Amino acid sequence: MTVMTYIEAIRSTLAEEMRRDPAIIVLGEDVGKKGGVFLATDGLYDEFGADRVIDTPLTESMIVGASIGAAVNGLRPVPEIQFADFIMPAFNQIVSEAARMRYRSNNAFGCPMTIRAPYGGGVHGALYHSQSVEAFFAHVPGLKIVIPSTPYDARGLLRSSIRDDDPVLFFEHKKMYRSVRGEVPAGDYVVPLGEAKVVREGSQVTVIGYGLMVQYALEAAELLEADGISTEVIDIRTLRPLDGQTILDSVRKTGKACVVYEDNRFGGYGAEIAAIIAEEAFDDLDGPIMRVTGPDVPGVPYAHTLEEWFMPSPDRIAEAVRRLAAY
Amino acid sequence: MTVMTYIEAIRSTLAEEMRRDPAIIVLGEDVGKKGGVFLATDGLYDEFGADRVIDTPLTESMIVGASIGAAVNGLRPVPEIQFADFIMPAFNQIVSEAARMRYRSNNAFGCPMTIRAPYGGGVHGALYHSQSVEAFFAHVPGLKIVIPSTPYDARGLLRSSIRDDDPVLFFEHKKMYRSVRGEVPAGDYVVPLGEAKVVREGSQVTVIGYGLMVQYALEAAELLEADGISTEVIDIRTLRPLDGQTILDSVRKTGKACVVYEDNRFGGYGAEIAAIIAEEAFDDLDGPIMRVTGPDVPGVPYAHTLEEWFMPSPDRIAEAVRRLAAY
Amino acid sequence: MATSTPPALGADLGLTRDDLIEMYRLVVVTRAIDERMWVLNRAGKIPFVISGQGHEGAQVGIAYGLQKGLDWMVPYYRSVASLITFGMTPREIMLAQFARSVDPSSGGRQMPGHYGVADRNILSVSSPVATQILHATGIALAAKLRKTGQVTITYLGEGSSNQGDFHEALNFAGIHHLPVVYVVENNGYAISVPMNLQSAVEDIATRGPAYGMPGVIADGVDVLGCYRIGKEAIDRARRGEGPTLIEAKVTRMTGHSSDDQQSKYRSAEDMAAGKERDPLPRFRQELMDAGVLDAAEDGRISAEVKKVVEDATDWSESQVDPDPATAQRWVYADAPPARMDDPLWLGRRFMGDGGPLTGEGD
Amino acid sequence: MATSTPPALGADLGLTRDDLIEMYRLVVVTRAIDERMWVLNRAGKIPFVISGQGHEGAQVGIAYGLQKGLDWMVPYYRSVASLITFGMTPREIMLAQFARSVDPSSGGRQMPGHYGVADRNILSVSSPVATQILHATGIALAAKLRKTGQVTITYLGEGSSNQGDFHEALNFAGIHHLPVVYVVENNGYAISVPMNLQSAVEDIATRGPAYGMPGVIADGVDVLGCYRIGKEAIDRARRGEGPTLIEAKVTRMTGHSSDDQQSKYRSAEDMAAGKERDPLPRFRQELMDAGVLDAAEDGRISAEVKKVVEDATDWSESQVDPDPATAQRWVYADAPPARMDDPLWLGRRFMGDGGPLTGEGD
Ligand SMILES: Cc1ncc(C[n+]2csc(CCOP(=O)(O)OP(=O)(O)O)c2C)c(N)n1
Ligand SMILES: Cc1ncc(C[n+]2csc(CCOP(=O)(O)OP(=O)(O)O)c2C)c(N)n1
Ligand SMILES: [Mg+2]
Ligand SMILES: [Mg+2]
């Protein structure tokens with residue numbers, strides 16, 4: 001067992017996968033000599049050279065579109081989008097092309113690639129360096145969406161993503177890069193896509209989240225334990241395909257569900273989880289399905305006073321669970 | 001009272017608004033001499049000339065991006081995206097720019113424009129001429145999303161949209177263009193944005209939809225009446241800002257809700273409606289919140305056998321309501 | 001008729017008489033398939049046609065220099081002549097029109113015009129224009145990195161070349177000297193929008209130098225001229241000298257598609273001038289003048305083509321429609337998981353199998 | 001020192017001595033503000049700096065020919081010198097650094113570098129690069145249709161000019177001969193990516209002709225040369241003759257931003273060569289050589305600028321932070337409706353006001 005940071009988990013896994021499979025290339029803005037603006041690809045250029053670690057022009061549609069072509073012709077690209085906020089110029093290539101290549105060709109062509117992008121707020125990045133964009137993509141059949149919340153999962157899920165034969169969007173919460181550390185075993189383990197995980201067992205309320213919000217939910221659960229409230233916490237890990245069974249099993253046990261996401265509330269990813277619970281576990285529900293989310297303004301504002309106002313926090317999660325428990 | 005088709009309602013309202021306000025311009029691919037591929041802008045070029053009815057290059061990002069600039073400098077653009085499927089290249093301009101201009105500038109700049117686009121399946125248009133794209137945009141604070149289901153509402157809502165000071169996405173179901181007719185009064189009435197409508201009163205189950213699905217829900221309600229089931233049907237009309245009150249009032253009355261949308265189920269717009277009901281009206285619910293939707297495949301396939309498989313129908317809605325009523 | 005012996009037509013291009021006849025046959029068969037589509041459309045048998053009439057000369061000429069079984073083609077919706085030149089069969093083209101289950105392009109999932117055949121390195125095409133230009137660029141990147149020796153050719157209309165993806169693709173290919181050939185088929189219209197409202201320059205080829213690559217104009221009625229320009233670009237790419245932008249000046253002899261009425265926005269003279277630039281009679285005359293083709297051989301070709309088109313039509317029409325039970329396959333490579341985004345799982349009760357209303361919990 | 005009287009510097013450009021001094025002052029004050037930002041950053045007072053050092057000469061020169069109060073400016077994040085030339089004040093620039101509530105650019109909502117002032121026709125800027133090029137094009141379209149006589153100028157980096165939006169914008173402006181000037185400030189790097197990996201051509205100006213417009217290279221150390229090129233483009237636009245693409249060759253004297261360590265990817269020689277192309281000492285020397293400026297006047301300017309920067313810093317720092325109670329305003333022009341997407345409505349119970357857990361219905 002080694003202890004490493006979240007970003008080191010990603011960096012080391014990229015290096016190991018590139019050693020394992022010569023078809024893997026990394027491409028994106030500043031991923032080469034600079035090693036990425038967060039240093040997630042640091043060292044790869046030195047080890048694998050300019051052919052396999054490609055500093056691209058500042059053109060996201062090209063980064064994804066050329067990756068699609070490269071994937072079709074035998075490579076396994078791992079493009080980086082510098083910030084999830086800047087994935088929008090590539091929206092057409094991801095949603096209209098990568099996601100649909102297999103279905104539209106009746107399985108004649110596939111598109112194995114893993115698009116990595118740092119996302120999330122709380123880092124003083126303002127409207128355009130703080131976004132959560134998972135809801136846009138989790139809605140799209142043909143894509144797989146992964147958001148790890150620990151170094152262990154980051155390694156296991158990144159391996160599974162890169163080895164998957166379909167396009168995966170792999171979002172990394174940038175606030176966790178250096179603030180979250182954790183144990184990782186040696187060896188080539190994988191965490192399969194499509195499996196959620198109960199990260200804390202409890203009996204009264206189920207809290208469901210992903211990414212940084214799992215960390216916050218666990219902090220909230222500690223606060224709640226002091227109040228005598230027993231909270232179960234589920235880390236979704238793969239947003240698509242979703243492991244609904246693990247969620248339903250838990251909610252059938254606790255009878256109460258609180259969905260947490262950092263993105264804008266209205267139409268956010270967690271709405272689907274609430275809808276599934278309301279459809280499939282209605283008889284077991286003992287209270288309304290709550291959501292703790294970011295507010296419905298267009299992005300996290302910059303000034304620290306405003307940024308604090310935006311972000312969901314352990315306290316706000318705990319407050320919601322308290323009310324739900326008392327319901 | 002005159003009777004007109006859905007598309008004639010749109011065409012005539014565009015012409016009337018352009019007569020009323022010289023700041024309005026229409027721009028897009030083939031909107032000029034050809035009058036649009038569906039003829040929604042037919043006659044405008046002849047009446048208003050090439051300055052106000054602009055045949056653009058085949059570049060959606062430009063169509064929206066230039067409209068943003070034109071709106072900032074005193075015009076009121078009404079860009080057309082030829083098919084909603086082809087709005088993706090403009091995603092960045094809509095989501096990162098138009099939606100955020102006012103918020104990010106603290107109200108120094110606004111962006112009044114109405115992006116029109118035909119959407120929807122059942123017209124033999126296959127994967128790329130059948131899409132429902134509302135979920136992507138309804139999630140975005142700063143945008144308003146409108147989908148009328150009758151000629152009356154098309155006129156009243158298009159007027160409100162064009163006169164609104166913020167960016168509106170106005171989606172028109174292309175299957176309704178010529179198949180739906182209805183009465184429209186003379187005069188300059190508006191239907192305000194943000195108001196849903198109970199289009200059929202009933203007591204046992206509330207069906208909530210928009211666009212073509214409202215027509216299907218009404219057909220289903222007729223079938224159900226024959227079975228002795230009383231169905232209330234709500235037409236959302238404005239997807240953002242949503243009139244939640246009308247939905248909650250109805251569900252509190254009937255105790256049962258079925259949400260209908262044509263888009264892929266997972267993470268579709270209706271998930272938010274289900275989530276809101278599950279959060280706000282839990283105590284009044286007498287059954288699970290159902291959804292009747294398109295399946296989770298990447299688009300409506302072309303062959304008629306496959307297209308039929310995809311599309312929600314009055315029968316499928318009726319079947320869902322029957323089960324819910326019996327619950 | 002020609003009794004003296006000047007250098008044989010095509011000899012300077014390395015083309016044999018068989019090559020010339022084959023190129024001619026490719027133009028003829030494509031035109032015949034296209035005309036059949038319109039007949040089928042008017043007969044109500046296929047709901048949608050998008051036509052390449054007027055583009056065939058440029059397409060056959062430019063694609064004839066490719067290496068089948070090695071190179072890649074990334075087509076667009078008017079590419080039927082390119083595709084047939086590169087090895088797609090008339091039956092395969094017709095299957096797409098009828099959207100039958102054995103259609104190799106999409107199993108009937110896509111509209112006609114969205115071709116693709118994996119075993120012949122023809123990439124599946126979508127509707128949003130110009131996206132494929134980036135895919136071709138990525139295929140060429142992989143070819144370069146993997147040292148496969150493959151050349152990739154891709155096609156789009158002049159209207160589509162104004163899309164951002166075109167700019168980003170050519171720039172990247174220019175930077176890395178990728179083995180790719182970009183062909184803009186300029187027919188003067190993007191549906192109804194004429195060239196002067198589509199583009200700030202008359203010749204799209206002007207844009208080549210903006211990406212550090214040659215921009216070459218090919219005259220679409222001159223099949224052998226197109227071959228020469230195509231072959232040069234393909235060879236240049238294969239030698240590792242980088243990409244080329246070819247603009248083929250062609251004519252759109254029909255409406256944009258079966259949904260379009262071009263008389264609404266084109267003058268009669270303009271349409272007549274377009275018809276004048278039909279590559280088929282010109283090529284036939286060129287071959288006859290050079291003594292490569294005579295009326296008898298032309299008749300044999302016509303008869304053969306007629307049979308091919310009959311066969312392709314009848315055979316395709318007789319194939320079965322796709323089975324709705326297969327409609328949910330191939331969203332992913334792995335079998336649909338018994339999970340939420342599988343319609344049979346979550347939506348089972350409304351997808352027709354009448355499962356229970358509530359979950360196992362009750 | 002110059003005792004004979006050759007034609008006065010700038011006379012051929014229509015610039016008076018006062019103009020020259022003012023242009024110099026603009027360069028000096030922008031540099032001083034920029035340097036102050038770095039001091040404040042190191043002192044932990046502002047978390048992020050994005051710097052225009054090395055770009056000021058081109059910016060002042062090109063923008064000096066605009067008509068304040070009429071024309072439009074659509075800037076990018078390094079545009080401080082352009083903005084000050086066009087009428088933004090040092091206080092307004094500093095307010096953005098401190099993200100104070102009275103910041104006219106965004107009320108503290110955006111990161112520093114995202115300027116905009118409505119009453120001076122300076123459009124609010126976002127982070128995704130090159131989007132603003134289309135906004136400028138649309139502003140120019142409105143100016144043309146409304147016959148306002150306005151010229152629009154917009155700016156971006158050479159890296160950003162590879163984005164699709166650039167292509168689509170210049171093409172549209174070229175088609176309609178819009179009154180707009182596109183300025184690419186080429187500092188050789190997009191963060192760490194050097195020119196040869198960003199662009200297939202060395203000079204972005206090469207791309208002008210691809211859009212039917214002149215592409216002109218301006219040397220960013222030659223302030224008056226930049227003025228000449230800028231003025232010509234502005235005048236041309238105003239005369240209705242259409243757009244111009246200007247490429248200003250500049251140098252980035254700092255890291256990309258305060259988050260960047262440029263020594264990781266740039267050699268010491270390369271960075272030293274960049275510093276050599278600092279426009280400030282060159283312009284000072286040029287003015288001194290021409291007898292426009294002497295040491296005493298330079299000293300007076302420095303002293304004045306020092307005061308301006310002090311004032312801007314102290315005053316801005318003393319302003320209040322934005323009030324979180326305002327954070328939900330201006331999502332829309334109308335007051336937030338009491339509806340679902342108003343966080344106070346649906347989310348009220350978790351937004352801090354402790355409302356009831358269930359709705360009115362129970
Ligand atoms: C992104 C996108 N926008 C709009 C369309 C609709 N559309 C299909 S073909 C076409 C015109 C294409 O013109 P051009 O590129 O010149 O090719 P041509 O059809 O003339 O061969 C348009 C507007 C589309 N398919 N994709
Ligand atoms: C669409 C998008 N992708 C990535 C970024 C991140 N980013 C900010 S500035 C920059 C480099 C810009 O380089 P250039 O255009 O040359 O301007 P310079 O900073 O050199 O002035 C990058 C990659 C962004 N802001 N927007
Ligand atoms: Mg064309
Ligand atoms: Mg630069």
Side-chain angles (χ1 to χ4, degrees), chain B residues 29-38 42 45 50 54-62 82-83 85-86 88-89 124-129 264-267 287-288 290-310 312 316-317 319-320 323-324 326-327, chain C residues 47-48 98-101 103 106-112 114 126-131 157 159-165 190-194 197-199 256 259-261 264-265 321-331 336 340-344 346-347 349-352 354 357-359:
Chain B
E29 296 153 16
D30 306 292
V31 298
K33 279 197 193 166
K34 187 172 163 74
V37 295
F38 292 100
D42 201 27
Y45 181 87
I54 305 173
D55 267 330
T56 65
L58 177 30
T59 49
E60 286 78 8
S61 189
M62 187 287 289
Q82 196 160 81
F83 287 84
D85 313 63
F86 305 137
M88 303 308 175
H124 231 47
L127 271 79
Y128 296 100
H129 296 77
N264 307 123
R265 173 186 297 253
F266 193 87
M290 300 275 120
R291 287 185 287 169
V292 178
T293 71
D296 281 313
V297 302
V300 186
Y302 179 67
H304 63 95
T305 47
L306 304 180
E307 182 170 42
E308 269 158 36
W309 168 84
F310 187 103
R316 274 170 57 202
I317 297 168
E319 178 57 20
R323 293 177 184 213
L324 204 44
Y327 190 84
Chain C
F48 180 77
F98 287 106
R100 296 304 195 234
S101 68
D103 156 38
S106 76
R109 290 173 172 193
Q110 293 220 72
M111 290 175 83
H114 295 63
S126 66
S127 303
V129 299
T131 51
S160 308
S161 78
N162 299 303
Q163 283 277 354
D165 277 1
I191 308 186
S192 73
V193 182
L197 288 174
Q198 291 182 60
S199 164
H256 170 76
D259 291 340
D260 181 43
Q261 198 52 54
K264 186 159 180 199
Y265 53 83
D321 284 329
D323 179 353
T326 66
Q328 62 168 18
R329 288 299 294 140
W330 307 125
V331 178
M340 290 300 170
D341 57 343
D342 172 7
L344 285 193
L346 181 65
R349 70 183 63 92
F350 304 131
M351 296 304 298
L357 178 56
T358 54

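Computed over heavy atoms, backbone and side chain alike; hydrogens, waters and symmetry mates excluded. Remember, predicted model here, so these are calculated numbers, not experimental data.
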*Asks:* Between B/Asn264 and B/Val297 (side chain of the first, backbone of the second, donor and acceptor by atom type, cut-off under 3.5 Å), is there such a pair?
*Replies:* yes
*Asks:* Of all residues at least two apart in sequence or in a different chain, which pass the side chain to side chain donor-acceptor pair (under 3.5 Å) check with C/Asp260?
*Replies:* B/Lys34, C/Tyr265
*Asks:* Would you say C/Ser192's side chain and B/Asp30's backbone share a donor-acceptor pair under 3.5 angstrom?
*Replies:* no
*Asks:* Side chain from CB out, backbone as N, CA, C, O: work out which of these in C/Phe48 comes under 4.5 Å of a heavy atom of chain B, or both, or neither.
*Replies:* both
*Asks:* Name the region of C/Val193, side chain, backbone, both or neither, that has any atom closer than 4.5 Å to a heavy atom of chain B.
*Replies:* both
*Asks:* Taking salt bridge (Lys or Arg N to Asp or Glu O under 4.0 Å) as the definition, give me every residue that meets it alongside C/Asp321, ordered by chain and number, with sequence neighbours left out.
*Replies:* C/Arg100
*Asks:* Please classify the contact of B/Ser61 with chain C as side chain, backbone, both or neither, using a heavy-atom distance under 4.5 Å.
*Replies:* neither
*Asks:* Using a 4.5 angstrom heavy-atom cutoff, name the option from C/Asn162, C/Leu197, C/Ile191, C/Val331 with the most pairs to chain B.
*Replies:* C/Ile191
*Asks:* What part of B/Glu60 lies closer than 4.5 angstrom to a heavy atom of chain C: side chain, backbone, both or neither?
*Replies:* both
*Asks:* Taking B/Asp55 for the side chain and B/Gly32 for the main chain, is one N or O donor matched with an acceptor at less than 3.5 Å?
*Replies:* yes
*Asks:* With respect to chain C, which residue among B/Glu29, B/His129, B/Met88 yields the maximal number of heavy-atom pairs within a distance under 4.5 Å?
*Replies:* B/His129
